[in-house]
Amino acid sequence: VSQSRYCPKVPDSKVRLFYIQRSSNVNTIVYDARLNAKGAFDEDSPIDVYWLRYQEDGRRKELSWIQRVLAYGVDTEKIDGQTDALQAWVVSYKKRKLRLGFDKNRKPYASLLINNQLAKLDHVYVQIEGSNLRPKVLYVEVFGRDFYTGENVYEKIKP
């Protein structure tokens, strides 16, 4: 999966679902699966969302309440009849729902349609214009791998 311009490569993890990078700075929002002792999604809080603050030695930092509630937080719900899968969405963009599941090696993933292909989401890049208080999103690039072939898939979305 190709890397967004000017952004640091985020190290992989056994629980990494995806991450979001923005043009405004190199800090990255990371979405990791939170698993229970049995290796299933935690019922109360299935996704751990946090910053990697590359402008501050790459340290982890929790999202603020406003960031969690209005921008980068996630909501999840159970999928009827599915014990090992959830539906999720980023609170600021409810149009694209993610399906959280596990691959054959029990690694969690987030999947969605990217350019009309079912894909495992790798990362998202947001091109922003303007101030931090009222930024304007010019476009969003979505990067992933085809769910069946593993080929890179990409889509550019203009809001």
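Both backbone and side-chain heavy atoms feed into the values below; hydrogens, waters and symmetry mates do not. Each residue takes its place number in the sequence, starting with 1.
Under a hydrophobic clustering in which Ile, Leu, Val, Met, Phe, Trp and Tyr are joined whenever their side-chain heavy atoms come within less than 4.5 Å, directly or via other members, Val142 and Leu113 fall into different clusters. One hydrophobic cluster holds both Ile20 and Val15 under the rule that ILVMFWY side chains link at heavy-atom gaps under 4.5 Å. Cluster annotation: Leu70 and Tyr93 are assigned to distinct hydrophobic clusters (Ile/Leu/Val/Met/Phe/Trp/Tyr, side-chain heavy-atom contacts under 4.5 Å, transitive). No single ILVMFWY cluster, assembled from side-chain heavy atoms under 4.5 Å apart, contains both Trp89 and Leu121. The hydrophobic clustering, which links ILVMFWY residues whose side-chain heavy atoms are closer than 4.5 Å, places Leu63 and Val126 together.
Judged by distance alone, the side chain of Tyr154 and the main-chain N or O of Asn115 form no donor-acceptor pair under 3.5 Å. Side-chain atoms of Asn27 come within 3.5 Å of backbone atoms of Tyr54 as a donor-acceptor pair (strictly under, hydrogens ignored). A distance-only check finds a donor-acceptor pair linking the side chain of Arg34 to the backbone of Ser45 [under 3.5 Å]. Under the 3.5 Å distance criterion, the side-chain polar atoms of Lys107 are matched with a main-chain donor or acceptor of Arg16. No donor-acceptor pair closer than 3.5 Å links the side chain of Arg96 to the backbone N or O of Ile114. Without hydrogens or angle criteria, Thr28 side chain to Gln21 main chain gives no donor-acceptor distance under 3.5 Å.
For the residue pair Tyr125 / Gln127, a side-chain donor-acceptor distance below 3.5 Å is found, with atom types taken as modelled.
In this structure, Gln55 places its CD atom where more than 12 heavy-atom neighbours from other residues, nucleotides or ligands lie under 6.0 Å away. For Asp80, the CG atom counts as loosely surrounded, since its 6.0 Å shell holds 12 or fewer non-hydrogen atoms of other residues, nucleotides or ligands. Annotation for Asp103: atom CG counts as buried by contact number, over 12 foreign heavy atoms lying within 6.0 Å. In the displayed structure, Lys14 atom NZ is contacted under 6.0 Å by at most 12 heavy atoms of other residues, nucleotides or ligands.
Residue Tyr72 holds its OH atom at 4.5 Å from CD1 of Ile29, rounded to the nearest 0.5 Å. How far CG of Leu138 is from CD of Glu129: 4.5 Å, rounded to the nearest 0.5 Å. Distance OH/Tyr19 to OH/Tyr31: 13.5 Å, rounded to 0.5 Å. Glu77 contributes atom CD, which lies 5.0 Å from atom CD of Gln87 (distance to the nearest 0.5 angstrom). Between the CG atom in Leu98 and the CG atom in Leu17 there is a gap of 8.5 Å [rounded to 0.5 Å]. For the atom pair CD of Glu56 and CH2 of Trp51, the computed distance is 10.5 Å after rounding to the nearest 0.5 Å.
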inquiry  = For a salt bridge (Lys or Arg N to Asp or Glu O under 4.0 Å) check, start with the C-alpha distance between Arg60 and Asp48, then their side-chain angles and the critical distance, and finish with the verdict.
reply    = CA-CA 12 Å; Arg60 176 189 169 117; Asp48 183 20; 2.9 Å; yes

task = Apply side chain to side chain contact (heavy atoms under 4.5 Å, CB included) to Tyr109 and Arg99, showing your working.
result = CA-CA 8 Å; Tyr109 64 82; Arg99 183 183 185 281; 3.6 Å; yes

Candidate pair Glu141 and Val124, rule side chain to side chain contact (heavy atoms under 4.5 Å, CB included), full reasoning = CA-CA 6 Å; Glu141 294 178 301; Val124 174; over 6 Å; no

request  = Evaluate the criterion side chain to side chain contact (heavy atoms under 4.5 Å, CB included) for residue pair Leu86 and Lys78; output intermediate values, then yes/no.
outcome  = CA-CA 5 Å; Leu86 296 170; Lys78 292 181 179 181; 4.1 Å; yes

key: Full working for side chain to side chain contact (heavy atoms under 4.5 Å, CB included) between Val10 and His123   = CA-CA 10 Å; Val10 176; His123 69 280; over 6 Å; no

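Ala110 and Leu100 make their closest contact through CB-CD2, 3.7 Å (heavy atoms, listed as atom of the first residue, atom of the second, distance). Nearest heavy atoms, Val90 versus Ala71: CG1-O, 3.3 Å.
Proximity of the aromatic rings of Phe18 and Phe143 is defined here by a centroid distance below 6.0 angstrom, and this criterion is not met.
The shortest side-chain heavy-atom distance between Asp84 and Arg106 falls under the 4.5 Å cut-off. For the pair Asn152 and Arg145, the minimum side-chain heavy-atom distance is below 4.5 Å.
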